[in-house]
Every structure is written in structure tokens, then in C-alpha cells.
Student: 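Dumping the structure here so I can ask a few things about it.
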Amino acid sequence: MNDQNKGFQKEEAPKTAQGAQSTTSTWKRLLAKKWVFPATYMAAAAIILTLMWVYQDAGKKTVSEADLGIKVSSSDKATDTTKAPDGAVAVNAQTETIQWPVKDRTMVEVSIPFYDTNATKEVKQTAMIQYNDQLTPHTAIDLKAKDGAAFDVLAALSGKVTAVEQNPVVGNLVEITHSNGLISIYQSLSEVKVAKGAEVKKGDIIAKAGRNEFEKEDGVHLHFEVRQVSDNAAVNPETLLNAKQ
């Protein structure tokens with residue numbers, strides 16, 4: 001039995017070696033082809049690119065509120081679109097325009113204009129204030145009732161009252177700082193109705209027109225002045241008032 005097996009193994013051995021040699025020859029012939037290596041390289045590159053694409057696509061995916069089981073109501077979504085950080089102005093908010101500091105513009109006239117360096121010589125002369133034998137350019141406009149009577153003085157813009165003073169020269173004074181970078185100043189007042197630190201709205205009554213020593217000859221009037229917060233430069237109020245109309 002063993003002899004037969006040995007004989008069988010001896011006969012089969014050459015066949016196995018011959019088969020291996022045949023396989024090796026086949027691979028050699030295959031590798032000898034010029035297109036084998038480029039094809040293998042391209043296949044490997046395609047596999048690598050596919051894996052990278054799958055990895056990046058997975059990284060871009062985010063967990064949605066629905067995946068977490070969070071329900072967002074339509075009112076919450078609407079609130080998110082209208083919220084703005086502190087100090088920011090809402091997109092749909094409209095900038096407040098300046099108004100004449102009187103209830104009825106037709107009832108008053110500009111008795112002393114603003115001193116404009118570009119104005120004519122005649123206008124410049126009317127915009128000079130004489131006090132203690134000195135001439136001073138007028139940095140405001142004076143409003144006076146056509147009948148000479150006292151009238152209500154209104155806030156030209158909404159803002160915060162940053163000063164309320166009683167000055168022996170310019171009379172009672174109210175200063176309001178506004179969010180648009182302007183300060184409005186009201187002098188020659190009587191019956192002041194606001195206090196420092198108060199918040200006022202555009203059109204609120206803050207005082208009545210009165211008298212002062214600086215513009216004594218003007219009688220009962222309102223000295224209305226506008227300045228810039230940044231550099232305290234005086235601005236012609238009429239240019240602002242006329243621009244909004």
C-alpha cells in the first residue's frame with residue numbers, strides 16, 4: 001500500500017511543478033505587457049480618490065435639528081431672523097428724520113440765521129451777534145413767533161437729555177444727544193419740562209421759548225443749535241431740516 005502511494009506521489013510530483021512553472025510563465029507574459037502597469041496604477045488611484053471623496057462627503061454632513069428630535073416652531077424661526085446683537089440696527093428699521101422744534105412751522109420765522117462762511121456778505125452780517133461790544137458768529141438759528149408770543153419747544157429728534165442748565169448769558173438750556181451722532185441744543189428757554197438723564201421722543205414738549213442776555217434784542221425766541229458728537233462742530237440746522245422735506 002505504501003509502495004503504491006509512493007509511486008503515485010512520484011508520478012504526481014512532476015505534474016505539480018510543471019503546473020507552477022506554467023503559472024509563473026503566464027504572469028511573466030502578462031507583466032511583460034506595456035499596458036499592465038499603467039492600468040494597475042490608474043485602478044489604484046481611482047480607488048484612493050473614491051475613498052477620499054467618501055470621507056470628505058461624510059465630514060460635510062451635519063446633525064440637523066430633526067435628527068436630534070428638536071422641534072422648532074415657526075415663531076422661533078421668525079424671531080431668529082429679526083434678532084440683532086446689542087448696538088446693531090435692525091435691517092427694517094428706518095432712520096428718524098429731524099423736525100422743526102416747534103408745533104407749527106408756519107407760526108414762526110428765522111429771526112437770526114446760522115453763520116455760513118459760504119453765504120453772501122449781507123447774510124453773514126445778519127448772522128453776527130453783538131455782545132459786550134464783541135461780534136460773534138451765530139452757530140444756530142433763532143426762531144421767533146410772528147406775533148412775538150411764547151411757544152412750545154419740541155424735541156427735534158428722539159434721544160437722551162444730557163444737560164439741563166440755567167446760564168446767566170444764554171438762559172435756560174437743554175441738550176439732547178441722539179443716536180445718529182448729533183446733539184441738539186435749545187437755549188433761551190422758560191418753563192423747562194425735562195430733567196437730565198430723561199429719554200425723550202421726537203415731538204415731545206421740552207420747554208417754552210423765553211429770553212436771554214446774549215440775544216436780548218431778539219426778545220422771546222428759541223436758540224436752536226445742532227452739533228456733531230464726534231468733533232462738536234456746529235451744523236446749520238436749516239440744511240438738515242430742508243433735506244428731509
Side-chain angles (χ1 to χ4, degrees), residues 96-116 124-241 244:
E96 193 176 58
T97 56
I98 191 171
Q99 74 166 36
W100 287 86
V102 293
K103 186 176 181 180
D104 189 349
R105 167 70 181 91
T106 62
M107 300 298 293
V108 297
E109 60 185 359
V110 177
S111 55
I112 303 178
F114 178 88
Y115 183 87
D116 188 348
K124 288 180 180 180
Q125 288 178 347
T126 59
M128 298 294 292
I129 305 297
Q130 183 173 355
Y131 180 73
N132 288 341
D133 297 328
Q134 291 184 350
L135 290 175
T136 304
H138 197 228
T139 57
I141 57 173
D142 281 4
L143 299 177
K144 186 175 181 179
K146 293 178 179 179
D147 60 2
F151 54 88
D152 288 334
V153 176
L154 313 182
L157 285 169
S158 300
K160 183 176 182 179
V161 179
T162 47
V164 175
E165 301 175 2
Q166 187 174 11
N167 188 289
V169 178
V170 300
N172 291 321
L173 173 153
V174 171
E175 175 188 278
I176 303 176
T177 301
H178 311 285
S179 60
N180 62 353
L182 295 177
I183 298 174
S184 58
I185 302 170
Y186 312 78
Q187 297 176 2
S188 186
L189 302 176
S190 66
E191 300 180 26
V192 176
K193 301 180 183 300
V194 294
K196 183 178 179 179
E199 294 286 344
V200 297
K201 294 181 180 180
K202 173 181 172 181
D204 285 350
I205 298 175
I206 60 174
K208 279 188 175 294
R211 299 174 182 270
N212 65 14
E213 288 296 322
F214 187 63
E215 299 151 326
K216 187 175 182 179
E217 295 181 358
D218 207 19
V220 176
H221 70 280
L222 165 66
H223 173 101
F224 179 56
E225 190 169 337
V226 178
R227 292 184 176 272
Q228 295 179 351
V229 174
S230 58
D231 56 5
N232 200 40
V235 181
N236 186 350
E238 288 194 84
T239 61
L240 301 175
L241 294 166
K244 86 175 187 67

Student: Contact between Leu241 and Ile98 at the side-chain level, heavy atoms closer than 4.5 Å - yes or no?
Tutor: yes
Student: Under 3.5 Å, sequence neighbours excluded: what are the donor-acceptor pairs made by side chains of residues 144-151?
Tutor:
unit_1 : atom_1 : unit_2 : atom_2 : d
Lys144 : NZ     : Asp218 : O      : 3.2
Lys146 : NZ     : Thr106 : O      : 2.9
Asp147 : OD1    : Ala149 : N      : 3.0

Student: Can you tell me if Ser188 and Glu215 form a side-chain donor-acceptor pair at under 3.5 Å?
Tutor: no
Student: Looking at NZ of Lys201 and CG of Leu157, how far apart are the two atoms once the value is rounded to the nearest 0.5 Å?
Tutor: 14.5 Å
Student: For the atom pair NZ (Lys202) and CD1 (Ile176), what is the distance rounded to the nearest 0.5 Å?
Tutor: 13.0 Å
Student: Among pairs that include at least one residue of residues 227-239, which meet salt bridge (Lys or Arg N to Asp or Glu O under 4.0 Å), considering only residues two or more places apart or in two chains?
Tutor: Glu225-Arg227
Student: Would you list the pairs meeting ring pair (Phe, Tyr, Trp, His ring centres under 6.0 Å) in which at least one residue belongs to residues 157-177, sequence neighbours left out?
Tutor: none
Student: Are Asp204 and Val194 packed together at the side-chain level, in the sense that at least one heavy-atom pair is separated by less than 4.5 angstrom?
Tutor: no
Student: Not counting sequence neighbours, which residues clear side chain to side chain donor-acceptor pair (under 3.5 Å) with Thr162? List them please.
Tutor: Glu175, Thr177
Student: What residues form a side chain to side chain contact (heavy atoms under 4.5 Å, CB included) with Lys160, not counting sequence neighbours?
Tutor: Glu199
Student: Report the residues that fulfil side chain to side chain contact (heavy atoms under 4.5 Å, CB included) with Met128, sequence neighbours left out, ordered by chain and then residue number.
Tutor: Tyr115, Leu135, Pro137
Student: Would you find a donor on one side and an acceptor on the other, under 3.5 Å apart, between the side chain of Lys193 and the backbone of Lys208?
Tutor: no
Student: Which pairs with one or both residues in residues 124-148 pass ring pair (Phe, Tyr, Trp, His ring centres under 6.0 Å), sequence neighbours excluded?
Tutor: Tyr131-Phe214, His138-His223
Student: Report the residues that fulfil ring-ring contact (aromatic ring centres under 6.0 Å, His included) with Phe114, sequence neighbours left out, ordered by chain and then residue number.
Tutor: none
Student: List in chain and number order the residues that pass side chain to side chain contact (heavy atoms under 4.5 Å, CB included) with Gln125, two or more places apart in sequence or in another chain; answer none if no residue qualifies.
Tutor: Lys121
Student: For Asn172, check side chain to side chain donor-acceptor pair (under 3.5 Å) against everything at least two apart and list the hits.
Tutor: none
Student: From His221 NE2 over to Ile141 CD1, what is the distance, rounded to the nearest 0.5 angstrom?
Tutor: 11.5 Å
Student: Would Met107 and Val102 count as a side-chain contact (heavy atoms from CB on, under 4.5 Å) if you check the C-alpha gap in whole Å, the side-chain angles of each, and the deciding distance to 0.1 Å?
Tutor: CA-CA 9 Å; Met107 300 298 293; Val102 293; over 6 Å; no
Student: Which atom names give the shortest non-hydrogen contact between Ser190 and Ala207, and what distance separates them?
Tutor: O-CB, 3.6 Å
Student: Hey, could you give me the OG/CG distance between Ser184 and Leu240, rounded to the nearest 0.5 Å?
Tutor: 11.0 Å
Student: What's the spacing between Ile129 CD1 and Ile112 CD1 if we round to 0.5 Å?
Tutor: 3.5 Å
Student: Return the CG to CG distance between Leu222 and Asp142, rounded to the nearest 0.5 Å.
Tutor: 7.5 Å
Student: Which residue pairs pass the ring pair (Phe, Tyr, Trp, His ring centres under 6.0 Å) test when at least one of the two sits in residues 175-204, sequence neighbours left out?
Tutor: Tyr186-Phe224
Student: Check whether any side-chain heavy atom of Leu182 sits under 4.5 Å from a side-chain heavy atom of Val229, and report yes or no.
Tutor: no
Student: Please determine whether side-chain contact (heavy atoms from CB on, under 4.5 Å) holds for the pair Val192 and Ile206, giving the CA-CA distance in whole Å, both sets of side-chain angles, and the decisive distance to 0.1 Å.
Tutor: CA-CA 6 Å; Val192 176; Ile206 60 174; over 6 Å; no
Student: Report all side-chain donor-acceptor pairs from residues 163-171 shorter than 3.5 Å, counting only partners two or more places apart or in another chain.
Tutor:
unit_1 : atom_1 : unit_2 : atom_2 : d
Asn167 : OD1    : Val169 : N      : 2.8
Asn167 : OD1    : Val170 : N      : 3.2

